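Bear in mind that the values here come from a model prediction, so they are computed numbers and not experimental data. All heavy atoms count here, side chains included; hydrogens, waters and symmetry mates do not. Chain letters run A, B, ... following the sequence lines, proteins first, then strands; residues in each count from 1.
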There are 2 protein chains.
Amino acid sequence: MYSIGDIANIMGINTSAIRFYDRNGLLPFVQRDKAGRRKFKPEDLNFIEVIDCLKKSGVPVKDIAQFISLCMQGDQTLQERYDYLDDEEEKLSRKIEKMQTQLEFLQYKKWYYKTAIKEGTEDIHFLPNSRMIDPQTRNEFEEKRKATADIHELTDL
Amino acid sequence: MYSIGDIANIMGINTSAIRFYDRNGLLPFVQRDKAGRRKFKPEDLNFIEVIDCLKKSGVPVKDIAQFISLCMQGDQTLQERYDYLDDEEEKLSRKIEKMQTQLEFLQYKKWYYKTAIKEGTEDIHFLPNSRMIDPQTRNEFEEKRKATADIHELTDL
DNA sequence: ATACGACTTAAACTAATGTTTAAGTCAAGA
DNA sequence: TCTTGACTTAAACATTAGTTTAAGTCGTAT
């Protein structure tokens with residue numbers, strides 16, 4: 001059996017966060033000893049693992065509570081649980097894709113500044129007599145990206 | 001010149017969010033017409049693009065404001081701006097990697113429920129006389145993952 | 001026996017990120 | 001001219017996700 005402190009260590013969070021999760025329906029399975037202290041069973045680690053994953057995936061506590069509630073209702077909710085996870089998988093996939101797009105933009109901007117530093121001024125990227133970036137600049141970088149095996153060769157100083 | 005409403009449309013957010021960003025130092029470059037209305041110059045879209053990217057990357061408003069502040073100081077901060085973006089690129093990379101790990105766990109759990117549904121009970125994954133998941137179960141899935149070209153063949157119903 | 005550390009609660013507090021409300025200004029079209 | 005829609009502000013409100021505080025209860029090691 002694990003104490004709240006043990007679980008906090010396992011999850012790498014504060015005990016107060018665990019109590020917050022409990023208050024919000026994430027831990028209906030937790031038992032108490034006769035002094036009222038929370039006691040987590042070894043099998044509860046299955047729940048902890050899922051909660052930890054969903055938290056790290058950015059799922060709101062309220063939504064996770066719904067999934068846990070399904071789990072407490074036994075085998076009759078297996079399909080609903082599958083559907084829930086299917087949905088979250090889809091959302092997380094899209095999220096990762098969007099993050100990847102932002103990462104690529106950051107890499108472009110690193111190259112933008114790397115080349116500006118080399119010339120001592122950002123002006124090299126602007127259209128004549130303006131501070132608008134030449135629309136060709138991004139294309140130029142993306143061509144170089146395609147031609148370069150390791151992106152950091154292009155972006156790192 | 002763009003109005004606050006134009007920019008809100010471009011970013012896909014509410015005008016009140018733009019005003020919030022302005023209050024918090026993200027838009028020091030914005031000008032006003034004689035009625036006091038915000039007027040964004042075409043070149044300001046460069047800033048908007050960066051702000052949008054950093055926001056989508058999960059960077060706090062306060063941190064973005066620091067970067068924008070560097071931008072306002074001219075070419076003397078080119079190196080600092082590069083360093084800032086280098087740092088954010090690194091953070092975002094790690095974030096994406098962690099998300100990927102969570103995605104893989106969700107896929108495992110989908111397979112876990114898919115197989116449970118087939119048998120009509122979650123019990124098939126438990127050790128005898130317990131509700132602890134057989135430690136071999138995850139390994140079994142990961143072997144199948146390696147042997148399968150498209151993960152959804154394995155996880156989808 | 002008692003002190004310490006880990007636990008309990010309810011309630012107040014914090015921080016981040018906006019949204020909503022109320023009251024007012026202004027330009028343009030009917 | 002008058003109305004409408006888009007803008008302005010400050011301030012209040014909302015939500016999420018906790019943390020902190022205050023007061024109290026245990027079990028154990030000295």
Side-chain angles (χ1 to χ4, degrees), chain A residues 1-41 44 48 50-69 88 91-92 95 98-99 102, chain B residues 1-41 44 48 50-69 88 91-92 95 98-99 102:
Chain A
M1 296 288 246
Y2 303 93
S3 69
I4 193 174
D6 296 333
I7 300 298
N9 281 335
I10 288 167
M11 295 183 78
I13 60 178
N14 199 301
T15 57
S16 72
I18 310 261
R19 292 196 192 95
F20 171 78
Y21 294 160
D22 197 6
R23 271 201 304 288
N24 287 276
L26 263 53
L27 313 174
F29 50 81
V30 80
Q31 299 190 330
R32 305 288 186 128
D33 68 11
K34 62 183 167 185
R37 297 195 206 88
R38 288 172 186 81
K39 288 295 154 184
F40 294 79
K41 300 177 290 303
D44 293 344
I48 297 302
V50 172
I51 290 169
D52 199 33
C53 169
L54 292 172
K55 284 254 72 210
K56 285 176 177 161
S57 302
V59 179
V61 168
K62 220 179 272 185
D63 293 10
I64 301 176
Q66 250 188 283
F67 177 75
I68 298 294
S69 163
E88 293 300 346
K91 286 191 220 165
L92 185 55
K95 199 162 164 178
K98 280 184 194 165
M99 297 281 207
Q102 306 320 312
Chain B
M1 296 289 246
Y2 303 94
S3 70
I4 192 174
D6 296 334
I7 301 297
N9 281 335
I10 287 168
M11 295 183 77
I13 59 177
N14 200 302
T15 57
S16 70
I18 309 261
R19 293 196 190 95
F20 171 77
Y21 295 160
D22 197 6
R23 271 201 305 287
N24 287 276
L26 262 53
L27 314 174
F29 49 82
V30 79
Q31 300 190 329
R32 306 287 186 127
D33 68 11
K34 61 182 167 187
R37 297 197 205 86
R38 288 173 186 82
K39 288 294 155 187
F40 294 79
K41 300 177 290 303
D44 294 343
I48 297 302
V50 173
I51 291 168
D52 199 31
C53 169
L54 292 172
K55 284 254 74 210
K56 284 175 177 162
S57 302
V59 179
V61 169
K62 221 179 272 186
D63 293 10
I64 302 176
Q66 251 188 281
F67 177 76
I68 298 294
S69 164
E88 292 299 348
K91 285 191 220 166
L92 185 55
K95 199 162 162 174
K98 279 185 196 166
M99 297 278 208
Q102 306 319 314

What integer distance in Å separates A:Arg23:CZ from C:dT8:P?
12 Å
By nearest atom, which of the nucleotides D:dC26, D:dT19, C:dG18 is closest to the A:Ala35 side chain?
D:dC26
Does NZ belonging to A:Lys39 count more than 12 external heavy atoms closer than 6.0 Å?
yes
For a side-chain contact (heavy atoms from CB on, under 4.5 Å) with A:Leu27, tell me which candidate from A:Ile7, A:Asp44, A:Ile68, A:Ile51 qualifies.
A:Ile51
Whole angstrom value for the distance that separates P of C:dT17 from CD1 of B:Ile18:
15 Å
Under 4.0 angstrom between B:Arg32 side-chain N/O and D:dT9 OP1 or OP2
yes
Taking 4.0 angstrom as the limit, do A:Lys55 and A:Asp52 come out as a salt bridge?
no
Side chain of A:Lys34: nearest nucleotide among C:dA16, D:dG27, C:dA27?
D:dG27
Nearest 0.5 Å please: distance from the CG atom of B:Leu54 over to the CZ atom of B:Phe67.
7.0 Å
CZ of B:Phe29 to CG of B:Asp22, rounded to nearest 0.5 Å, is 8.5 Å
Please give, in whole Å, the distance from D:dG18 P to A:Leu27 CG?
12 Å
Separation of C:dT14 P from B:Lys62 NZ (nearest whole Å)
14 Å
Closer than 4.0 Å, any side-chain N/O of A:Ser3 to the OP1 or OP2 of C:dC7?
yes
Quick one: B:Gln31 CD to D:dT8 C1', roughly how many Å, whole number?
17 Å
OP1 or OP2 of D:dA17 sitting under 4.0 Å from any side-chain N/O of A:Tyr21?
no
Ranking C:dT8, D:dT19, C:dC26 by distance to the side chain of B:Arg37, first place goes to C:dC26
Check every atom of C:dT19, C:dG18, D:dC7 against the side chain of B:Asn14 and return the nucleotide holding the closest atom.
C:dT19
OP1 or OP2 of C:dG18 versus the side-chain N and O atoms of B:Lys55: is any pair under 4.0 Å?
yes
Which whole-number value in Å describes the distance from B:Phe20 CZ to D:dT8 C1'?
18 Å
Does A:Arg38 place a side-chain N or O at less than 4.0 Å from the phosphate oxygens OP1/OP2 of C:dT9?
yes
Rounded to whole Å, the CD1-C1' distance (B:Ile64 to C:dT17) equals 12 Å
Should A:Arg19 be listed as having a side-chain N or O under 4.0 Å from OP1 or OP2 of D:dT21?
no
Would you kindly give the CG-to-P distance between A:Asp63 and D:dT16, to the nearest whole Å?
10 Å
